[in-house]
Amino acid sequence: MNEIVGHPPTRTQHGFAAFLLKFMKSTPLIGGDMPSGVVRLLSSYSAAYLVPAGAGQFVLIDAGADANAEEILSVLKFKDADASAIKAIFITHGHIDHTSGLRNFPDADVYVGAGDRTYIEGTGNGDSIMAKLSGKKPKLAVPNLEKVHTINDDESVTVGSATIRALAVPGHTHGSMAYLVGSDLYIGDAVTFDVKGSAVKPPAPATYDMKLAIQSLDALIKRLDQESVAVQAVVPNHSGPGTID
């Protein structure tokens with residue numbers, strides 16, 4: 001059976017991000033090799049990913065921890081684009097370090113697992129210790145709820161030249177999703193890679209059901225193996241990418 005293996009880190013983080021990554025024994029966010037054409041957008045202690053979708057269009061995987069989405073908008077400006085170039089945003093899970101930037105892209109369709117929809121509507125919080133402490137975030141809610149779509153396991157959405165397949169990995173949150181884009185698997189917080197390149201389970205204080213989270217990851221690997229899906233890069237939000245070998 002395949003296993004997930006990380007790349008060694010190439011640089012280090014500073015400040016709070018460095019403290020958090022050290023606590024999680026994770027590789028730096030900026031370590032590892034990114035998929036071709038994809039831009040990693042650092043956002044405090046998390047990351048979002050800008051995926052090209054042809055003809056000046058882009059897809060975002062998560063929206064980062066910055067409520068102003070400064071890094072995302074800066075990269076778009078560098079590419080002679082603006083917020084309207086983001087046609088769709090796929091949320092791996094509803095925690096605020098993955099959803100805070102959503103309000104900056106009012107024209108984008110937002111896709112999220114059913115169990116996490118209330119997060120981005122500002123009407124609910126999670127079941128983990130940290131989620132309960134952080135509470136509801138109505139000020140960060142998506143302004144136009146008609147743009148919010150529930151995405152289900154094994155559902156695919158085509159945006160321009162990009163096709164995104166959702167794969168359910170519940171456990172970190174109820175509605176956690178991984179997204180397969182071509183041969184790249186965006187996996188949210190379902191896994192990170194430590195400094196030795198080994199897969200690390202999600203942080204316990206932010207996870208509502210660790211046993212389920214581990215089972216979901218194991219099931220995902222078996223599923224991709226059985227389907228003979230060749231995954232080139234496993235891309236988490238709190239460490240550099242890895243591979244399935």
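The basis for the numbers below is simple: all heavy atoms, side chains too, and nothing from hydrogens, waters or symmetry mates.
Glu146 is linked by a salt bridge (Lys or Arg N to Asp or Glu O under 4.0 Å) to nothing, counting only residues two or more places apart in sequence or in another chain. In terms of the side chain to side chain contact (heavy atoms under 4.5 Å, CB included) criterion, residue partners of Ile214 (sequence neighbours excluded) are, by chain and number, Lys201, Met210, Asp218. Applying the salt bridge (Lys or Arg N to Asp or Glu O under 4.0 Å) test to Glu121 and every residue at least two apart in sequence or in another chain returns Arg117. A search for salt bridge (Lys or Arg N to Asp or Glu O under 4.0 Å) contacts involving Lys147 returns Asp109, not counting sequence neighbours.
In the hydrophobic clustering of ILVMFWY residues, with side-chain heavy atoms under 4.5 Å counting as a link, Phe105 and Ile61 come out apart. At a threshold of 4.5 Å between side-chain heavy atoms, the hydrophobic network of Ile, Leu, Val, Met, Phe, Trp and Tyr places Val38 and Ile89 in two separate groups. When hydrophobic clusters are built by joining Ile, Leu, Val, Met, Phe, Trp and Tyr residues whose side-chain heavy atoms come closer than 4.5 Å, directly or via intermediates, Leu42 is not grouped with Leu60. Cluster membership for Val159 and Ile91, using ILVMFWY side-chain heavy atoms within less than 4.5 angstrom, is not shared. Linking Ile, Leu, Val, Met, Phe, Trp and Tyr residues whenever their side-chain heavy atoms come within less than 4.5 Å places Ile86 and Val110 in a single cluster.
For the 3.5 Å distance criterion, the side chains of His172 and Thr207 qualify, holding a donor opposite an acceptor. Side chains of Thr173 and Asp116: a donor-acceptor N/O pair is present below 3.5 angstrom, by distance only. With no hydrogens or angles considered, no side-chain donor-acceptor pair links Thr118 and Thr123 at under 3.5 Å.
Closest heavy-atom contact between Arg40 and Pro241: NH2-CD, 3.0 Å. Considering all non-hydrogen atoms of both residues, Ala162 and Ala53 come closest at CB-CB, 4.1 Å. Taking both residues in full, the closest heavy atoms of Tyr111 and Ala88 are given as CE1-CB, 4.0 Å, listed atom of the first, atom of the second, then distance. Scanning all heavy atoms of the two residues, the minimum distance from Thr92 to Gly188 falls at OG1-CA, 3.5 Å. Gly64 approaches Ala48 most closely through the heavy-atom pair N-CB, 3.9 Å. Residues Pro236 and Gly240 approach most closely at CD-O, 3.5 Å, considering heavy atoms.
Looking at heavy atoms from C-beta onward, Val169 lies out of side-chain contact with Leu217 at the 4.5 angstrom threshold. Looking at Tyr186 and Val51, their side chains come closer than 4.5 Å, going by heavy atoms from C-beta outward. Side-chain contact between Leu102 and Asn104 is absent, with no heavy-atom pair separated by less than 4.5 Å. Residues Tyr49 and Leu41 fail the side-chain proximity criterion, which asks for heavy atoms closer than 4.5 Å. For the pair Leu185/Leu220, a side-chain contact is recorded, criterion being any heavy-atom separation below 4.5 Å from C-beta on. Considering only heavy atoms from C-beta on, Asn144 stays 4.5 Å or farther from Pro106 through its side chain. You'll find the side chain of Leu145 stays beyond 4.5 Å of the side chain of Ile120, heavy atoms only. Counting heavy atoms from C-beta on, the side chains of Val231 and Thr243 never come closer than 4.5 Å.
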Show me the donor-acceptor pairs within less than 3.5 Å that the side chains of residues 73-85 make with the rest of the protein, sequence neighbours left out.
from  : atom 1 : to    : atom 2 : distance (Å)
Asp82 : OD1    : Ser84 : N      : 3.0
Asp82 : OD1    : Ser84 : OG     : 2.4

- Stepwise side-chain contact (heavy atoms from CB on, under 4.5 Å) check, His95 with Tyr119: CA-CA 7 Å; His95 289 164; Tyr119 286 144; 4.1 Å; yes
- Item | Test log, rule side-chain contact (heavy atoms from CB on, under 4.5 Å), inputs Leu224 and Leu167 | CA-CA 10 Å; Leu224 295 174; Leu167 298 164; 4.2 Å; yes
- List the steps and the verdict of side-chain contact (heavy atoms from CB on, under 4.5 Å) for His93 and Met177. CA-CA 6 Å; His93 62 288; Met177 288 285 179; over 6 Å; no
- Query: How far apart are the C-alpha atoms of Thr99 and Asp62, what are their side-chain angles, what is the distance that settles it, and do they pass the side-chain contact (heavy atoms from CB on, under 4.5 Å) test?
  - Reply: CA-CA 6 Å; Thr99 61; Asp62 287 333; 5.7 Å; no
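The distance from atom CG of Asp209 to atom OG of Ser176, rounded to the nearest 0.5 Å, is 11.0 Å. Between atom CD1 of residue Ile72 and atom OG of residue Ser43 there is a gap of 6.5 Å, rounded to the nearest 0.5 Å. The structure places CG of Asp66 at 11.5 Å from OG of Ser46, a figure rounded to the nearest 0.5 Å.
With hydrogens and angles disregarded, no donor-acceptor distance shorter than 3.5 Å links the side chain of Ser239 to the backbone of Thr192. A donor-acceptor pair is defined here as one N or O able to donate and one able to accept, closer than 3.5 Å; such a pair exists between the side chain of Ser161 and the backbone of Gly54.
Taking the ring centroids of Phe90 and Tyr179, they lie under the 6.0 Å cut-off.
In this pair, Tyr208 and His174 present their aromatic rings parallel. The plane angle is below 30°, not in the 30 to 60° band.
Screening residues 161-190 for salt bridge (Lys or Arg N to Asp or Glu O under 4.0 Å) gives Asp154-Arg165, Arg165-Glu227 as the qualifying pairs, with residues at least two apart or on separate chains.
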